[in-house]
K.L.:
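First, the structure itself, so that you have it in front of you.
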Amino acid sequence: MKTRKGYKTYPLTAAQSLHHFSLLTCPLDQLLNIGSSLTIQLDLDWDVMREAIREAVSRSDSMKIRFALDKKENKVYQYLVEEDDAPIEHFDFTGWREEDAVAKMNEWTSTPFPRYDTPMHKIVMVKMPDGYQGTYVCVDHMTMDAQSLIAFFRDIIEIYSHKKYNAVDYPKEMSSYIEQLKKDLAYEAGSKASQRDREFFHKLIESGEPMYTNVYGPAVLEAEREKTGDPNCRAAVNETKSMEAHLRNFHLTGEPSSRLFAFCEEHHVSMTCLLMMGLRTYMQKMNNTDDVSITTTVARRATLTEKRSGGTRIHCFPFRTIVPLEDTFLEGICKIRDGQNMIFRHANFSSPEYFYYRSQYYNLKPGQTYEGMALTYQPMAVKYEGPGLEKLEDIKYKAARYGNGVAAQPLYLTVSHHPEDDGLDFCFEYQDGMVTPEKLEEVYYFICRILFHGVEDCNRTVGEIIDWA
């Protein structure tokens with residue numbers, strides 16, 4: 001398929017292919033829906049807001065992405081339309097209970113998009129029960145990730161502010177999605193860079209077999225060993241028949257969060273490394289093993305062009321750490337930092353190819369894996385230095401995420417910035433058949449205990465922290 005409806009078509013990127021594969025294995029089509037809202041404590045001019053949204057959509061290539069299925073090839077392509085004409089709805093939740101409003105937006109997020117030759121987004125101007133007003137947006141993950149969605153929200157804010165307040169400059173143009181797409185496809189077509197990255201990951205996979213760990217401890221791995229008759233088996237099946245899922249949020253307020261940020265700044269490590277240390281130490285405690293693997297995500301938005309080009313650029317890789325009990329908390333973090341820096345340098349490599357090679361190398365059976373959960377940290381927040389809300393007398397605003405009712409993996413922790421108090425939000429997406437809400441409370445509780453005991457004295461050993469926690 002070279003063209004569709006008069007537009008040039010392009011293959012899916014590796015990042016899109018990873019999402020598309022998960023869609024093929026899930027019976028519920030809303031799997032890739034991402035629903036979120038941004039609302040502010042301000043009476044909006046709805047006519048101006050609609051204009052701002054229209055302009056933001058026009059400036060965003062992500063909103064113009066369409067997918068097409070070539071039935072002869074049984075292959076999905078993508079193309080960009082010139083203009084998006086999807087409706088912008090308006091919904092007033094005045095008089096509703098907060099939980100009922102959330103349920104309604106969960107319902108919107110759980111409604112699948114038609115897959116082909118149609119807009120892959122839903123935009124609604126909303127007034128919440130508490131009087132906050134703004135925008136709800138639901139997109140398909142093959143067209144946007146969290147970073148590009150936040151950039152889209154920012155664009156709406158800046159355009160609206162420019163139209164209403166003379167002191168706010170009109171935002172700079174967004175980058176071309178197609179130009180970035182061409183670079184990604186050229187890399188994937190067999191470039192020297194892709195070959196270097198392939199060699200790196202092959203060597204990393206071949207360097208040693210990981211060990212499956214789970215938030216519930218070693219029971220799953222022990223059951224797999226008994227089932228297979230292999231007492232040395234290190235992988236386990238980590239899936240359930242039902243993919244129905246929910247979100248569970250925990251909020252760490254601004255003051256304790258600031259201590260974590262201060263630690264990162266003092267020791268020149270990222271928040272991703274600190275969070276990974278807390279989570280993998282909890283898994284170490286629960287599974288009684290120094291060898292822990294957790295799936296990590298890489299946003300791949302290092303350049304300004306990548307940050308403003310939209311689309312989905314997330315690649316996922318297993319991240320294995322071996323941190324003996326004798327290591328100090330800081331030594332463990334430094335191991336994580338060094339390991340992640342290596343992965344980041346090669347992160348353009350195809351995630352599906354990584355998982356395929358690993359499954360072949362270790363002869364994994366269908367469904368077997370070494371990772372019991374995934375972690376991502378989203379440092380990009382709607383609150384930022386520049387034109388926008390800061391020039392509107394520091395008006396309060398809220399950001400929220402909504403569940404689509406299904407998940408491709410049993411447990412996925414996303415940590416992001418909370419706009420109201422500069423704290424951290426810990427959002428767990430979990431499959432009902434694999435994890436309970438009560439277990440998530442325990443996971444969050446122990447991660448925080450481990451983190452704060454570690455940053456209080458980073459020369460404490462991992463063993464001492466585990467014994468104390």
Side-chain angles (χ1 to χ4, degrees), residues 18-19 21-35 106 109-110 141 210-228 233-250 275-276 278-289 291-297 314 316-320 351 355 358-359 364-376 401-415 425-447:
L18 181 64
H19 295 312
F21 175 78
S22 64
L23 187 65
L24 294 176
T25 61
C26 178
L28 301 173
D29 292 337
Q30 71 267 31
L31 174 68
L32 300 182
N33 286 14
I34 305 175
N106 284 337
T109 309
S110 301
H141 211 343
M211 176 82 74
Y212 176 83
T213 51
N214 186 284
V215 293
Y216 283 100
V220 174
L221 181 58
E222 291 172 356
E224 188 80 8
R225 288 172 171 174
E226 183 175 347
K227 178 182 177 181
T228 60
C233 178
R234 297 171 68 90
V237 174
N238 189 46
E239 59 185 30
T240 181
K241 293 181 179 179
S242 172
M243 291 185 173
E244 292 185 9
H246 288 89
L247 301 179
R248 185 70 187 274
N249 291 285
F250 300 93
L275 292 169
M276 180 64 77
L279 180 56
R280 60 97 39 226
T281 302
Y282 171 74
M283 299 287 267
Q284 183 174 9
K285 169 183 172 69
M286 294 301 298
N287 294 269
N288 194 29
T289 177
D291 194 340
V292 175
S293 290
I294 295 169
T295 301
T296 188
T297 61
I314 295 294
C316 302
F317 298 102
F319 185 64
R320 182 190 186 195
S351 300
F355 286 107
R358 188 178 72 168
S359 67
L364 298 182
K365 296 178 175 61
Q368 282 189 334
T369 184
Y370 304 101
E371 294 77 38
M373 69 174 297
L375 168 69
T376 186
R401 179 185 171 192
Y402 305 98
N404 62 24
V406 61
Q409 50 191 327
L411 185 56
Y412 188 3
L413 170 59
T414 300
V415 182
D425 283 331
F426 290 69
C427 180
F428 291 91
E429 182 180 56
Y430 65 100
Q431 291 179 344
D432 296 343
M434 296 292 285
V435 187
T436 66
E438 293 76 20
K439 184 62 180 180
L440 297 179
E441 289 185 18
E442 176 189 303
V443 175
Y444 172 71
Y445 172 76
F446 276 105
I447 290 177

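As a basis for the values below, the full set of heavy atoms in this structure was taken, side chains included, without hydrogen atoms, waters or symmetry mates.
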K.L.:
Taking only Lys NZ, Arg NE, NH1 and NH2, and the carboxylate oxygens of Asp or Glu, determine whether Glu371 and Arg358 approach each other closer than 4.0 Å.
P.N.:
yes
K.L.:
Verify the neighbour count for atom CD of Glu441: are there more than 12 heavy atoms of other residues, nucleotides or ligands below 6.0 Å?
P.N.:
yes
K.L.:
Donor-acceptor check, side chain of Lys439 to backbone of Tyr216, threshold 3.5 angstrom: yes or no?
P.N.:
no
K.L.:
Might you point out which heavy atoms bring Glu224 and Ala235 nearest each other, and give the distance in Å?
P.N.:
CG-O, 3.3 Å
K.L.:
Quick check on side-chain contact (heavy atoms from CB on, under 4.5 Å): which of Val435, Asn249, Val443, Thr414 does Phe428 satisfy it with?
P.N.:
Val443
K.L.:
Donor-acceptor pair, Arg234 side chain versus Pro210 backbone, under 3.5 Å?
P.N.:
yes
K.L.:
Report yes if the distance between the aromatic ring centroids of Tyr370 and Tyr212 is under 6.0 Å, otherwise no.
P.N.:
no
K.L.:
Taking the basic N atoms (NZ, or NE/NH1/NH2) and the acidic carboxylate oxygens, is any pair closer than 4.0 Å for Arg248 and Glu429?
P.N.:
no
K.L.:
To the nearest 0.5 Å, tell me how far Tyr282 OH sits from Phe446 CZ.
P.N.:
7.0 Å
K.L.:
How long is the span from the OG1 atom in Thr213 to the CG atom in Asp291, to the nearest 0.5 Å?
P.N.:
8.0 Å
K.L.:
I need the Leu375 CG to Met276 CE distance, nearest 0.5 Å.
P.N.:
5.0 Å
K.L.:
Of all the heavy-atom pairs spanning Leu221 and Cys233, show the shortest one and how long it is.
P.N.:
CD1-O, 3.5 Å
K.L.:
Can a donor-acceptor pair be found, under 3.5 Å and without considering hydrogens, that links the side chain of Ser110 to the backbone of Asn404?
P.N.:
yes
K.L.:
In Å and rounded to the nearest 0.5 Å, what is the CD1 to CE distance from Ile447 to Met283?
P.N.:
9.5 Å
K.L.:
Donor-acceptor pair, distance only, cut-off 3.5 Å: does the side chain of Ser351 make one with the backbone of Cys316?
P.N.:
yes
K.L.:
Does Gln431 reach the main-chain N or O of Ala407 with its side chain, forming a donor-acceptor pair under 3.5 Å?
P.N.:
yes
K.L.:
Indicate yes or no for a side-chain donor-acceptor contact from Asn33 to the backbone of Thr109 under 3.5 Å, with no hydrogens or angles considered.
P.N.:
yes
K.L.:
Going by heavy atoms in the side chains, are Ile34 and Leu32 under 4.5 Å from each other?
P.N.:
no
K.L.:
Give me the atom names and distance for the closest heavy-atom approach of Cys26 to Leu31.
P.N.:
CB-CD2, 3.7 Å
K.L.:
Is Gln368 reaching over with its side chain to a backbone N or O of Lys365, donor-acceptor style, under 3.5 angstrom?
P.N.:
yes
K.L.:
Please walk me through it: do Met286 and Asn214 pass side-chain contact (heavy atoms from CB on, under 4.5 Å)?
P.N.:
CA-CA 8 Å; Met286 294 301 298; Asn214 186 284; over 6 Å; no
K.L.:
Give a yes or no answer on whether the side chain of Asn106 reaches the backbone of Gly403 with a donor-acceptor pair at less than 3.5 Å.
P.N.:
yes
K.L.:
Atom CD of residue position Glu244 - does it have more than 12 heavy atoms of other residues, nucleotides or ligands inside 6.0 Å?
P.N.:
no
K.L.:
Can you tell me how far the CE atom of Met373 sits from the OH atom of Tyr412, to the nearest 0.5 Å?
P.N.:
10.0 Å
K.L.:
Between Tyr444 and Leu413, is a side-chain contact (heavy atoms from CB on, under 4.5 Å) present by the stated rule, with each step listed?
P.N.:
CA-CA 10 Å; Tyr444 172 71; Leu413 170 59; over 6 Å; no
K.L.:
With distance as the sole criterion, is a donor-acceptor pair present between the side chains of Tyr430 and Gln409 under 3.5 Å?
P.N.:
no
K.L.:
Using modelled atom types and a 3.5 Å cut-off, is there a donor and acceptor pairing between side-chain atoms of Thr25 and backbone atoms of Ser22?
P.N.:
yes
K.L.:
How far does CG of Leu279 sit from CZ of Phe426, to the nearest 0.5 angstrom?
P.N.:
9.5 Å
K.L.:
One thing to verify: whether Arg401 and Asp425 come together as a salt bridge, which I'm taking to mean a side-chain N less than 4.0 angstrom from a carboxylate O.
P.N.:
no
